[in-house]
Amino acid sequence: MAIQEKSARAEVGHPEGGRSGPDERYNAQIVESKWSARWQQDPSRYAAERDSSKKKYYVLEMLPYPSGALHMGHVRNYSIGDALARYMWMNGYNVLHPMGWDSFGLPAENAAISNNTPPREWTLRNIASMKAQMKRLGFAYDWSREVTTCFSEYYRWNQWFFLKLYERGLAYRKKSKVNWCPKCATVLANEQVVNGCCWRHEDTPVEQRELEQWFLRITKYADELLRDLDKLVGWPEKVRTMQRNWINRSEGVLVDFKLDYGPSHHGFGPAGSTITVFTTRIDTIFGATSIQLAPEHPIVADLAAQNPDLRSKVDHLIAEQRRARESGDIGEIEKHGVPTGRYAINPFNNERIPVWVANYILMDYGTGAIMSVPAHDERDYDFARKYKLEIRLVILPISNDPEETMTEPPVPFVAHDGMVINSGMYSGMSCAEAVKKMTAYAEQKGIGRATVTYRLKDWGISRQRYWGTPIPMLYCEKDGIVPVPEKDLPVILPENVEITLTGGSPLLRVPEFVNATCPKCGGPARRETDTMDTFVDSSWYFYRYTDAHNDRAPFDGRVADYWFPIDQYIGGVEHAILHLIYSRFWTKFMRDLGMIRNDEPVERLFTQGMVIKDGAKMSKSLGNIVSPDEMVARYGADAARLYSLFAAPPDRDLDWQDSGIEGIQRFLGRVYRFFVRNTQARTGRETVAPALDPEARAIQRKMHQTIKRVSDDFQGRWHFNTCISAIMELVNALYGAEEAIAKNAIPKPFLRQVQRNIVLLLAPFAPYLAHELWEMLGESSTLLTAPWPKFDAELAKEEEIEIPVQVNGKLRSRIVVPAAANEEFVLERALADEKVQAAIAGKKIVKRIYVPGKMLNLVVK
RNA sequence: GCGAAAGUGGCGGAAUUGGCAGACGCACCAGACUUAGGAUCUGGCGGGUAAAACCGUGAGGGUUCGAGUCCCUCCUUUCGCACCA
């Protein structure tokens, strides 16, 4: 209520007033509606040029999910991107600044269930309202290139890509353990599991299910995805590290240990007679004193089949691992295990070592089996201590001191740069040498091979959901898995589908969809009813912007070639390993298809901080949401945008304060009022007199300094908060000069130049006010492409500078000297200063440090 | 546990290269204009003092003529990774 009263009153303004009368008051609502209406009339206003001779600049903000309304995080993201796009326009670039909708996904289905609205209708309605919000906020998007991923014009190309992947063996179907979110009622990719829970439901533990699924062979590009991270120097180091960790390449050796169950044993189970372990430390193999298997290892299943006691113990370990995974503190659980009573032979020394099952061995990494070397691995050490297994030292530290080398190190000794001992013919070698020789030996004897293991797994893209891209595959009784022929694309997602979160994919219950004809034999076939992960949609959408209406291909490679790579991509860090790794993979695949020539999609990446309120991330459950609509209604779009840039540097979290945006609103009003009071119609000739009075000169200096500060930040740190401070300082200086203006001490043409530059500096940040003032100045050119102001380094220089004078490092006085003064002059003035004299009285100057233009320090005794 | 970033007035934040700590804004205080102020303008605003001195950038050490900034130890917060063999 209070809010409404307030805004109502602000809109009307107040009939009377002190210094600022009614016509001086800045009414953002009226001014912004006026410009908004004008901008709508020219849809090609922000269109990128085709066949331009200008240098291109592709600036992109991550496309939103059409949830229904923008939140402040969006506003911040887009305010950064929009400021940059406008800055680049003003610098003469051919700018591509598009926007679209990541519009497939589960929330649409949830909405369908809770409000009985079809997902498509719900989604399109949301898009319409969010698009209106974006327009009201004044973001300069080229809407002629809008991409909506839930339209068949778009998702048919997802299907087309899928066929290409399938042709090249990069899409395959396999039955495997997959992550299942019970709330989403669908499978999740590894990347979508966060701390053992669903990425969308942080309190819902992910379950494991055995399902037939489609996978994309992203691991084929694992090495390149890792290697090329080094090239991405325009990316935050943090994101590169996260991707490196996620891919987690490790070089090692697979070694076969033959099972030796002894004479009483009758045959092996279906899993065979060999345990293959993966190790990165084959040099320690003579120190292996047991084999440890993951509880879900097939050999364990064989052994447990004959041993009910072992079965129950193993089941216990499996349950424990699952609990740990779900609670997210894998790694914290205590290590324990059970002996199987069986043995395996170390192929290097023919030693019989016991086979155990341990809860710290993961089935989904390496081979799910390790050789345990307690003396040289911390986990193996803990385990061996607990179960009294032998700890055998086979590596010694190397030191320059010969005596030290021979000293036994405390175990576990995990260094890689030691010397091998107790290892037969390998004793005396360095670790590195032993690794080489032992690997060669294993390969020669056929008992092992060098290999590379990744944590990165193939990308499971099947989703048992309705609102996504249908996977263009058919199952024929006679011909098996058959791809839908390219000419039959798109496979259209049917409408009027009953949506529930139980009973598998909703498409299963649509016979017209499921029942199809096999293109090979003409017989009956069943259509794949799973849809694609929505991260497929976002893996290549930014290529579509370059050629958004192509109906013969996803895009024209020649056009994409002009625009790619994206010069600047801006979004939240939460996509560091999801979207940003998938889209790198997709780019490499498209390159290998011959569609594009770039290896990477994004030249520079910027991850903006979150918007925080009262110390917590804005969320509905905490009730600390600030609605952009409300901010626009109360303070205007300019104020909302400007504040989102002013409150903190863009890479840091932003603490939203309502009183802060009021300050920004005041600033905009101050600028406006200054223009209203001091703008005069342009006279014919406008040349700025070369010599200015000191008061005008001070303004001129400040103006050039401000231009420099703002320009520098766009080129460098993007600390728009300080840019805006700088503009505020310039405006404050003009307020201080109003008396001088009144008595004509500031030449009018010069003042006009200052005003013009202020508008240009404001244009990327507060486009509405900037346009209003541009018009007020009588400018007829398009502000969007008006040249960015240049600063003159000479004019920005101070003529007189204040030099702090320190005595023994303590500030004692400040003296004002001409900027060009030399050291002798500064010293002379300093020594003449009373306070300095007092500080050095009776002492001798033993040293002096003069930093030209910065400070003078006298060291006295 | 490992790794990264951060810690500055009542608050958001400045100080880009080791060189005047606290720009700019908020809040607050005072004055002006006012019937009125939640508008606007002007001034004040780290602590301390009558004024100075002096103290002050998470804590403690160090390097330096000089440290918010560099080095060492520690604390706190946030983020990432976490039985990865």
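Letters A, B, ... mirror the listed sequences (proteins, then strands); counts begin at 1.
Mapping Asn732(A) and Asn808(A) onto RNA chain B by nearest heavy atom places Asn732(A) at the nucleotide closer to the 5' end. If you find the closest nucleotide of RNA chain B to Asn721(A) and to Leu811(A), the one lying nearer the 5' end belongs to Asn721(A).
We find that OH of Tyr643(A) is positioned 9 Å from P of rG13(B), with the value rounded to whole Å. Going from atom CZ of Arg670(A) over to atom P of rU42(B) covers 5 Å, rounded to whole Å. Summarising the geometry, the separation between CG on Asn27(A) and P on rU40(B) is reported as 14 Å, rounded to the nearest angstrom. Separating the NZ atom of Lys335(A) from the C1' atom of rA85(B) is a distance of 12 Å, rounded to the nearest angstrom. One can place CD of Gln243(A) at 17 Å from C1' of rG3(B), the figure rounded to the nearest angstrom.
Side-chain polar atoms of Gln292(A) and Ser290(A) form a donor-acceptor pair below 3.5 angstrom. A donor and an acceptor atom, one from each side chain of Tyr360(A) and Asp380(A), are located under 3.5 Å apart.
rG25(B) and rC11(B) make up a base pair, with Watson-Crick or G-U wobble contacts both under 3.5 Å.
Applying the 4.0 Å criterion to OP1 and OP2 of rC41(B), one finds that Tyr735(A) has a side-chain N or O inside that range. For rC41(B), the OP1/OP2 oxygens have a side-chain nitrogen or oxygen of Arg673(A) closer than 4.0 Å. For the OP1/OP2 pair of rA39(B) and a distance below 4.0 Å, the side-chain nitrogens and oxygens of Arg666(A) include at least one atom meeting the criterion. A sub-4.0 Å separation between OP1 or OP2 of rC54(B) and a side-chain N or O of Arg812(A) is present.
For Ile370(A), whose side chain is taken as the heavy atoms from C-beta onward, the closest listed nucleotide among rG25(B), rA85(B), rG80(B) is rA85(B). The side chain of Ala647(A) has rG12(B) as its nearest neighbour among rA14(B), rG12(B), rA85(B). Taking only side-chain atoms of Val859(A), from C-beta outward, the nucleotide of rG13(B), rA27(B), rC65(B) with the closest atom is rC65(B). Listed nucleotides: rC20(B), rU40(B), rU16(B). Nearest to the side chain of Arg717(A): rU16(B). Set against rC65(B), rA85(B), rA23(B), the side chain of Ser725(A) has rA23(B) as its closest nucleotide. Residue Thr722(A) places its side chain closer to rA14(B) than to any other of rG12(B), rA14(B), rA85(B). Considering only the side chain of Arg814(A), rC20(B) comes nearest among rC20(B), rC55(B), rG13(B).
For the pair Val836(A) and Ser813(A), the tightest heavy-atom approach, listed with the atom from each and the gap, is CG2-CB, 3.8 Å.
Interface remark: the Lys847(A) side chain does not form any donor-acceptor pair with the rC65(B) base, using a distance-only criterion of under 3.5 Å.
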Item checked: salt bridge (charged side-chain N to carboxylate O under 4.0 Å, His left out) evaluation trace for Lys835(A) with Asp833(A) -> CA-CA 6 Å; Lys835(A) 288 184 210 153; Asp833(A) 184 90; over 6 Å; no
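Both the sub-6.0 Å distance and the 45° axial angle are satisfied by Arg670(A) relative to the ring of Tyr735(A).
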